Amino acid sequence: MATLDSKIPSGPLADKWRKHKTEIKLVNPANKRKYHVVVVGAGLAGASAAASLADLGYQVTCVVFHDSPRRAHSIAAQGGINAAKNYQNDGDSVYRLFYDTIKGGDYRAREANVHRLAEVSVNIIDQCAALGVPFAREYGGLLANRSFGGAQVSRTFYARGQTGQQLLLGAYSSLSRCVGQNTVKLVTEHEMSDLVVVDGHAKGIITRDLKTGKLHRFAADAVIVATGGYGNVFNLSTYARGSNVTASWRAYKRGACFANPCYTQIHPTCIPVSGDYQSKLTLMSESLRNDGRIWVPKKKEDVKKAPASIPEADRDYFLERIYPSFGNLAPRDVSSRAAKRMCDEGRGVGETGLGVYLDFADAIQRYGKQAAARANLQNPSSDKILELGEAAVAERYGNLFDIYKEITDESAYKQPMRIYPAVHYTMGGLWVDYNLMSNVPGLFVLGEANFSDHGANRLGASALMQGLADGFFVIPYTIGDYLAGQKPGSRPSPEHAAFVAAEKNVADLITKLMSIKGTEPVAYYHKKLGKIMWDHCGMARTKEGLTKGIALIQELRAEFWRNVNVPGSAENMNQALEKACRVADYLELGELMCRDALTREESCGGHFREEYQHPDGECLRDDEKYAHVAAWEFQGEGKEPLRNTEPLNYETVKMSVRSYK
């Protein structure tokens, strides 16, 4: 059984991080260059960690499976990044951001980790502005803010609808500077295929060169995994198609516990599925809910009518009706389930009936009248107000409207967007302690790849915050506490028996996949797995459905290993082989997710068990039995994993029924 020591510092919550930084062990500056750290991943968390550690003097190798770190999925984030700056003077504070995040996660996150995240959030904005990130600014030059779900203050900093891209370019510039100075060795188009553990400590990785097929060994004093989430287990999601769980899953099979895998986030504002030919789904930023109003027809017979022909009295602005305190900015899990209920009632719109409207007509009128007043226009025509209003909306969200037009061939300026929930993020991940180290000493996990900060539901604009917090402001301190206990120069040689065995393990897996020579392509199994996951472990779950899902996944996995067809050769670039390795991991992860959801007999955040709900359809938690982290431990091929638990002890916040009404 794994030992789950969270290493949470003693003392008052607001003092824990400051106290911890003064007490942890340090590495002598002259000794730092004797330690070698391998960072896997170069998104926000990976790139910022690699650059920060290199600046401290460590030897750093950054491994990424892309041809450039600029392709990391962090680039796809649209809406913004939270920080408790209180620039709007609307009552925000570090404590309020902490509380909103704890409550948003339905009281299933660690207090200490979340408070630290809120503390360092204020530094992130300064760091990124110094890196040249072009945050939006108000007329007077101050950084602008907007609101996101689950908060009643404006704390989200943004760069139009391209915040992730601009932040990644900032982190990438830091990484590139270090690469140019030869303090970081950047290894591109290599995918981590195994973790090397020596005497119980993580001491390196095995990678596969995606261009040549060759396997490589990288020895290190510590390994950092920052490879993002695992939402592509559902096949259709808002993730980039290359996003995968392989690095985390191979670490899991080497002893790292996988925490809360069933906690997956369904984002309410995505473009609906249009057919099974799709390879992915597209997000429409949560920032649109600042000005867009979500509604469905009140009458079932109106769902096929043009939205403009439905009178205001016959529209149900259901989020405003059900959650008047937060309205259209209710948290993602709450908003998604509400949209699903409307569609289940037969009031969904679009060809499939799986959609709701996101309408900007009121915002266009409001902004148009404001612009006319600023221009001192007397009695402006309705057309002029429309023109000015559309220009104002375009200034805020233009690129998002362009994306919508390109995909749907519809103008969201002229008619409402159609949206529906889709898989967007995973709150589960490898278990880590307060230092962001897994239960395997020497293995650190950052960003979405770990479980630590968001509980059962992530609030919007918090993913970018966590990735940069972990990379720029946490790991530079905490990794030294581990390395100080490792003798400089003691890392094993790549010729060590553990490296040889790990490389053989990867080679055997590849040989097995290539030798099956079945009849169905990898995509066939990924699609089938995705449907099983969405039907049985998606927005709504039941004991019966999860039990069935486990059985179906086991059958599908057996068929995969019997009948998958991987064409080509393992000795060169082979994308079918890359996908086969990833889907093989998904077929194991999917079962673990269902198993985790089955054993958690409560509803909380993104984990909604239909058997456990309040009369009004909201989540019914069981704090007495399930106020803990479930950390699953691999027991060997063909054996059921072991469920370990870490109690969630709340010292400051009182667990209560989460309400946004």
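Just so it is clear, the structure is predicted and the values come from calculations on it, not from any experiment. Residues: numbered from 1 along the sequence shown.
For the 3.5 Å distance criterion, the side chains of Arg289 and Ser335 qualify, holding a donor opposite an acceptor. Glu448 and Thr426 share a donor-acceptor pair across their side chains, judged by distance under 3.5 Å alone. Neither side chain, Thr269 nor Tyr420, offers a donor N or O lying under 3.5 Å from an acceptor on the other. Side-chain contact annotation: Asn439 with Trp431, donor-acceptor N/O pair under 3.5 Å absent.
Atom NZ of Lys661 has more than 12 heavy atoms from other residues, nucleotides or ligands within 6.0 Å. In the displayed structure, Glu624 atom CD is contacted under 6.0 Å by at most 12 heavy atoms of other residues, nucleotides or ligands. Other residues, nucleotides and ligands place more than 12 heavy atoms under 6.0 Å from the NZ atom of Lys298. A 6.0 Å sphere centred on NZ of Lys299 holds no more than 12 heavy atoms belonging to other residues, nucleotides or ligands. Annotation for Glu544: atom CD does not count as buried by contact number, only 12 or fewer foreign heavy atoms lying within 6.0 Å.
Contacts of Glu611 classified as salt bridge (Lys or Arg N to Asp or Glu O under 4.0 Å), with partners at least two apart in sequence or in another chain: Arg609. Looking at residues two or more places apart in sequence or on another chain, you find no salt bridge (Lys or Arg N to Asp or Glu O under 4.0 Å) involving Arg458. Residues satisfying the salt bridge (Lys or Arg N to Asp or Glu O under 4.0 Å) test with Glu640, not counting sequence neighbours, are Arg595.
Residues Lys340 and Asp344 are paired through a salt bridge, judged by an N-O separation under 4.0 Å between the basic side chain and the carboxylate. Salt bridge Arg557/Glu591: present, at least one basic N to carboxylate O contact under 4.0 Å. Remark: Glu646 engages Arg110 in a salt bridge, criterion side-chain N to carboxylate O under 4.0 Å. Electrostatic pairing of Glu602 and Lys625 does not count as a salt bridge here, judged by no charged N lying under 4.0 Å from a carboxylate O. Using a cut-off of 4.0 Å between Lys/Arg side-chain N and Asp/Glu carboxylate O, Arg146 and Asp291 are scored as not salt-bridged. Comment: Asp623 engages Arg621 in a salt bridge, judged by a side-chain N to carboxylate O separation of less than 4.0 angstrom. Checked for salt-bridge contact, Lys531 and Asp535 meet the test: a charged N lies under 4.0 Å from a carboxylate O. Ion pairing between a basic and an acidic side chain is recognised when a charged N comes within 4.0 Å of a carboxylate O; Arg155 and Asp92 show such pairing. We find that Arg643 and Glu633 are not joined by a salt bridge, their nearest charged nitrogen and carboxylate oxygen being 4.0 Å or further apart. Checked for salt-bridge contact, Lys16 and Glu651 meet the test: a charged N lies under 4.0 Å from a carboxylate O.
A donor-acceptor contact shorter than 3.5 Å links the side chain of Glu111 to the backbone of Val653. Within the 3.5 Å criterion, the main-chain N or O of Pro297 finds a donor-acceptor partner in the side chain of Arg347. In this structure, the side chain of Tyr404 engages the main chain of Arg418 through a donor-acceptor pair within 3.5 Å. For the pair Asp585 (side chain) and Val245 (backbone), a donor-acceptor distance under 3.5 Å is absent. At least one donor-acceptor pair under 3.5 Å links the side chain of Asn82 to the backbone N or O of Gly460. Judged by distance alone, the side chain of Ser237 and the main-chain N or O of Phe234 form no donor-acceptor pair under 3.5 Å. Side chain of Asp359 to backbone of Met417: no donor-acceptor contact under 3.5 angstrom is found. Thr163 contributes a side-chain N or O that, together with a main-chain N or O of Gln78, makes up a donor-acceptor pair within less than 3.5 Å. At distances below 3.5 Å, at least one donor-acceptor pair connects side-chain atoms of Ser74 with backbone N or O atoms of Leu44.
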Inset, instruction - Evaluate the criterion ring-ring contact (aromatic ring centres under 6.0 Å, His included) for residue pair His424 and Tyr239; output intermediate values, then yes/no. - result: CA-CA 7 Å; His424 177 62; Tyr239 285 72; 7.2 Å; no

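Arg116 forms a cation-pi arrangement with Tyr434, by the criterion of a distance under 6.0 Å to the ring centre and an angle within 45° of the ring axis. A cation-pi contact, defined as under 6.0 Å to the ring centre and within 45° of the axis, is absent between Arg254 and Phe634.
The CG atom of Leu443 lies 11.0 Å from the CG atom of Leu436; values are rounded to the nearest 0.5 Å. A distance of 10.0 Å separates CD in Gln278 from NZ in Lys527, rounded to the nearest 0.5 Å. To the nearest 0.5 Å, atom CD of residue Gln613 and atom CZ of residue Arg337 are 9.0 Å apart. Here CE of Met427 is found 5.5 Å from CG of Asn457. Values are rounded to the nearest 0.5 Å. Taking CG of Leu464 as the start and OH of Tyr158 as the end, the distance is 15.0 Å to the nearest 0.5 Å. Atoms CE and NZ, from Met655 and Lys103 in turn, are 15.0 Å apart once rounded to the nearest 0.5 Å.
Sequence neighbours left out, the pairs with a member in residues 636-661 that pass ring pair (Phe, Tyr, Trp, His ring centres under 6.0 Å) are Phe326-Tyr660. Applying the ring pair (Phe, Tyr, Trp, His ring centres under 6.0 Å) rule to pairs touching residues 271-292 yields nothing, sequence neighbours excluded. The list of ring pair (Phe, Tyr, Trp, His ring centres under 6.0 Å) pairs with a residue in residues 580-622, not counting sequence neighbours, reads His526-Tyr586.
Taking 4.5 Å as the limit, some side-chain heavy atom of Glu588 sits within range of a side-chain heavy atom of Lys253. Annotation: side chain of Val356 is not in contact with side chain of Trp295 (no heavy-atom distance under 4.5 Å). Counting only heavy atoms from C-beta outward, the side chains of Tyr230 and Thr264 approach each other to under 4.5 Å.
When all heavy atoms of Trp561 and Leu509 are compared, the pair lying nearest together is CH2-CD1, 3.5 Å. Pro331 and Leu459 get closest at one heavy-atom pair: CB-CD2, 4.2 Å.
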